[in-house]
Amino acid sequence: MATVIRGSDFTADKAWGAQLIAKMNGITTRLHWTDKPYKWHINDGEEVFVVLDGTVEMKYRQEGEELSAMMQPGDIFFAAIGTEHVAHPQGEARVLVVETEGSV
């Protein structure tokens, strides 16, 4: 079965609300809507974070230093295992997140 999802139309009733798109061999792909920052966290595995709509400041810690990248639609952030990070949307944003099932 095929599905078309209009990401630009997706909204949620709370920040970081998600629509599950797929579960594949222990990996989930979810579409998120948010207008508020997440929390500093480290995933159980790797994470791919794709900005679809809006602007997101991605803060992350690397070798004890806090770094930041302002992400626009089409930008991708990859968090290797053990990478502490937090997303701060600048207004509303829609993001696609691919990660190990059950990650924070």
Side-chain angles (χ1 to χ4, degrees):
M1 175 158 97
T3 303
V4 174
I5 297 165
R6 304 279 180 215
S8 60
D9 294 337
F10 178 69
T11 58
D13 57 357
K14 63 179 181 171
W16 295 102
Q19 176 180 345
L20 177 66
I21 296 171
K23 289 184 186 181
M24 299 175 289
N25 299 320
I27 303 296
T28 60
T29 302
R30 292 180 289 191
L31 173 60
H32 290 269
W33 173 90
T34 189
D35 61 353
K36 300 204 178 352
Y38 199 60
K39 59 183 177 183
W40 280 99
H41 66 286
I42 298 173
N43 293 77
D44 296 334
E46 298 163 318
E47 176 184 330
V48 175
F49 182 101
V50 183
V51 177
L52 300 176
D53 183 51
T55 301
V56 176
E57 181 182 12
M58 181 61 77
K59 298 180 181 185
Y60 56 103
R61 294 188 176 127
Q62 195 164 287
E63 298 177 10
E65 183 180 356
E66 187 173 309
L67 303 170
S68 174
M70 198 61 73
M71 300 176 64
Q72 304 296 324
D75 290 345
I76 300 167
F77 175 77
F78 171 72
I81 295 172
T83 303
E84 189 175 14
H85 59 287
V86 61
H88 284 258
Q90 311 297 296
E92 288 188 26
R94 290 167 183 85
V95 297
L96 190 70
V97 178
V98 181
E99 62 191 351
T100 303
E101 189 173 355
S103 287
V104 176

Is there a side-chain contact between His88 and Lys59, using heavy atoms and a 4.5 Å cut-off? yes
When you group the ILVMFWY residues by side-chain heavy-atom contacts below 4.5 Å and let the links chain together, are Val56 and Met70 in the same group? no
Starting at CG of Leu31, measure out to CG of Leu52 and round the result to the nearest 0.5 Å. 6.5 Å
What are the two closest heavy atoms between Pro73 and Gly54, and how far apart are they? CD-O, 3.2 Å
To the nearest 0.5 Å, tell me how far Gln90 CD sits from Asp35 CG. 12.0 Å
Which of these passes side-chain contact (heavy atoms from CB on, under 4.5 Å) with Phe49: Asp75, Ile76, Val97? Val97
When you group the ILVMFWY residues by side-chain heavy-atom contacts below 4.5 Å and let the links chain together, are Ile42 and Ile81 in the same group? no
Hydrophobic clusters here meaning ILVMFWY residues chained together by side-chain heavy-atom distances under 4.5 Å, can you tell me if Met58 and Val50 are in one? no
Exactly one of Ile5, Val98, Thr28 clears side-chain contact (heavy atoms from CB on, under 4.5 Å) with Ile21, and that residue is Ile5
Applying side-chain contact (heavy atoms from CB on, under 4.5 Å), run through Val95 and Trp16 and close with a yes or a no. CA-CA 9 Å; Val95 297; Trp16 295 102; 3.8 Å; yes
Check Ala12 against Gly17 and note the closest heavy-atom contact, atom names and distance. CB-CA, 3.6 Å
Nearest non-hydrogen partners of Arg61 and Thr83, listed with the distance: O-CG2, 4.3 Å
Should the pair His85 and Phe77 be assigned to parallel (<30°), tilted (30 to 60°) or perpendicular (>60°) ring geometry? tilted
As a quick check of understanding, evaluate side-chain contact (heavy atoms from CB on, under 4.5 Å) for Trp40 and Glu66, giving each step before the final call. CA-CA 12 Å; Trp40 280 99; Glu66 187 173 309; 3.7 Å; yes
Non-hydrogen atoms of Asp44 and Ser103 that approach each other most closely: N-OG, 3.7 Å
Please report the shortest heavy-atom distance between Arg94 and Gly7, naming the atom on each side. CD-O, 2.9 Å
Closest heavy-atom pair, Met24 versus Thr29, reported as atoms and distance to 0.1 Å, is CE-OG1, 4.0 Å
Can Glu57 and Thr55 be said to form a side-chain contact (heavy atoms from CB on, under 4.5 Å), step by step? CA-CA 7 Å; Glu57 181 182 12; Thr55 301; over 6 Å; no
How about Gln19 and His32: does a side-chain donor come under 3.5 Å of a side-chain acceptor? no
A side-chain contact here means heavy atoms from C-beta on lying under 4.5 Å apart; do Tyr60 and Glu84 qualify? no
side-chain contact (heavy atoms from CB on, under 4.5 Å) between Ile27 and Thr100, worked out: CA-CA 4 Å; Ile27 303 296; Thr100 303; 4.3 Å; yes
Can you hop from Leu96 to Tyr38 via hydrophobic side chains spaced under 4.5 Å? no
Any chance the side chains of Trp33 and Thr11 put a donor and an acceptor closer than 3.5 Å? no
